[in-house]
Structure formats: structure tokens, C-alpha cells
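One structure below.
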Amino acid sequence: MTLAFGAEIVTRFAPSPTGLLHLGHAHSALLGHRVAHDAGGRFLLRIEDIDRTRCKPEFETAIFDDLHWLGLDWEEPVRRQSDHFADYAAALQRLEADGLIYPCFCSRKDIAAAASAPHEGETVIYPGTCRGLDPILAAERKASAAAFALRLDVAKAARRAGPLAFLDAEPDGSNAREIRAEPERFGDVVLGRRDTPASYHLCATLDDHLQGVTLVIRGEDLRPATHLHRLLQAVLGLATPQYRHHVLLRNESGVRLSKRDGAMALRALRDRGVSANAVRKMAGFQDA
Ligand code: GLU
């Protein structure tokens, strides 16, 4: 797959500093770096740290350190999402002014879940309880509620945007195909909350635009999220990158690696004396 004639390839790796990077992250980062490098393009790093309770500065430091150790380089400055809450608040205000978001006073658990990327199997479909709240009542409750979420009215946004599609390809760029976006499958997602005008979906989509990312390369567990991101791009007037989704690395029991798999943390492998070259090979880059 090639991008539009003359377009530069700009990829990014966007980890959250909620734990140590593991072999699966190494695969994703090496792939993005390789694709950009081979095309004479640019590779960016973004720290997705809007969840101020789960993200830790020591994990951010470890991300830089482990990626350098792996042999990667990226453009400076690195975009750190927690430095840009004003950008996300402005985008939310715009959606609010367009009548596309509404306050929701339902479960706090749903609200908390909105700060992290919804890896497959973790998505909760909201039944739309607060969508039809009387606007006067909603304004009163907003003024008095300790917490509330701001949800996208997905059906309304989709009606306004009309039919949408995005280009998805294999990690090596083959089999590029146009996928019809079906954002309704997510239900009315949370885009922000009273105290934090941010969610994974809003921040990642806006940042990809602001950073000029032309090719998003990420795990296949986030493919469903792409349907929603396409809708956000349409209603916020953002550019649409192309996409490649890669398989997820699994542990010996066949379960996909997570930050809880300490043994596969890059740091743990390094401490056990495994070389960076060997780790690159374990992450699927034989000729690294
Ligand atoms: N911060 C997200 C994660 O840790 C990255 C999502 C993305 O690449 O869009 O999964």
C-alpha cells in the first residue's frame, strides 16, 4: 500500500506509562520504526498518560530507556498527552457546541474505563440511559453532580457525518482494503468527564492529526476502535491516516502479553542478560 502520491509516511508508537514495556510493545515499536525508516519517513513517540492515577513517571523514564536500548530513535520533542489537556478540552467544547455530546450520570466504573485504550474484550456498550435526559434537568444535575461523563451521541454524529471508510492493510502494507466504518458498534463512548476533559479515543485521534501521523500502526485488538476514530475525525474535521494492525504476541500459554507478564518485560529480559539484538529477534525482527 502506498499513501497518496507525494505524502510522507509518518508513524508513531504511543505507549501508556502504566507499567514496563514488554516484547509485544517492542514488536509494535520496531514495526512502526521500520516502516517509517524504509519509506524515508518519520517515526514519532507519544506518551499517553491522561490517566493520572495509573501513569507513573518512572514508567515513562523506563519507556525512553528501554526503547533506546532496543536501538530505536524518534523525533523530539515527544508529545506527552498530560501537557495538552487544553487541546482536548477545546475539542470537547466544539463537540458540545455541535450538540454531539451529552452528560451522563451513570456508573463511575464506565467513566474510569474511558481513560485507557479498549483492547478487545474489554469494551462495555453503554445502553444510552442519559441520552434522552431533559436538557434543563441535565444542566441542573451537571451543576450539582460530583462526577459525570461526557458521551458522544454516536448515532447522531454518524448521521451527520454520512458514510465513512478507512484504509486498512497488513503490517507489510499488502492487502490494503477500504473498510466501511461502523462506529455504532461502540455505543455512546465517554469522551471526557467532569474533572478530566479527555479519553483515550479523543486524545489519540486528535493527537494523530496534530502530529501529522499519516500511518497508524498498532495492535489488532485496537482495530474496532478505528471505526470510532474515523467518526471523530469526520465530526472534528481531522485528517484520516491509513491503518495497519499487527498480531499480538502471546505468552507460552497462548495468552496475549500484558504488562502483568513481568517475565517478558524488556527490562526483565535485559536484566537476565539477553542482548538487545536477541530481543529484537524475539520480537519478530530476524534481520535486526
Ligand atoms: N496507549 C495505547 C495503548 O497503550 C496506544 C493506542 C494506540 O496506539 O492508538 O494501547
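One-based numbering, in listed order, for ligands and for the atoms of each.
By the 4.5 Å side-chain criterion applied to Ile, Leu, Val, Met, Phe, Trp and Tyr, Leu20 is assigned to a cluster that also includes Phe59.
The side chain to side chain donor-acceptor pair (under 3.5 Å) search around His209 returns none, not counting sequence neighbours.
Legend: side-chain hydrogen bond (donor to acceptor under 3.5 Å, both in side chains) pairs involving residues 14-27, not counting sequence neighbours, sorted by first then second residue: Thr18-Lys259.
Around ligand 1 you find Arg12, Ala14, Ser16, Glu48, Ala117, His119, Tyr200, Arg218, Leu222, each with a heavy-atom distance below 4.0 Å.
Between Asp172 and Arg244, no side-chain nitrogen of the basic residue sits less than 4.0 Å from a carboxylate oxygen of the acidic one, so the salt-bridge criterion is not met. Using a 4.0 Å cut-off between charged nitrogen and carboxylate oxygen, Glu170 and Arg177 count as a salt-bridge pair. Using a cut-off of 4.0 Å between Lys/Arg side-chain N and Asp/Glu carboxylate O, Arg79 and Asp208 are scored as not salt-bridged.
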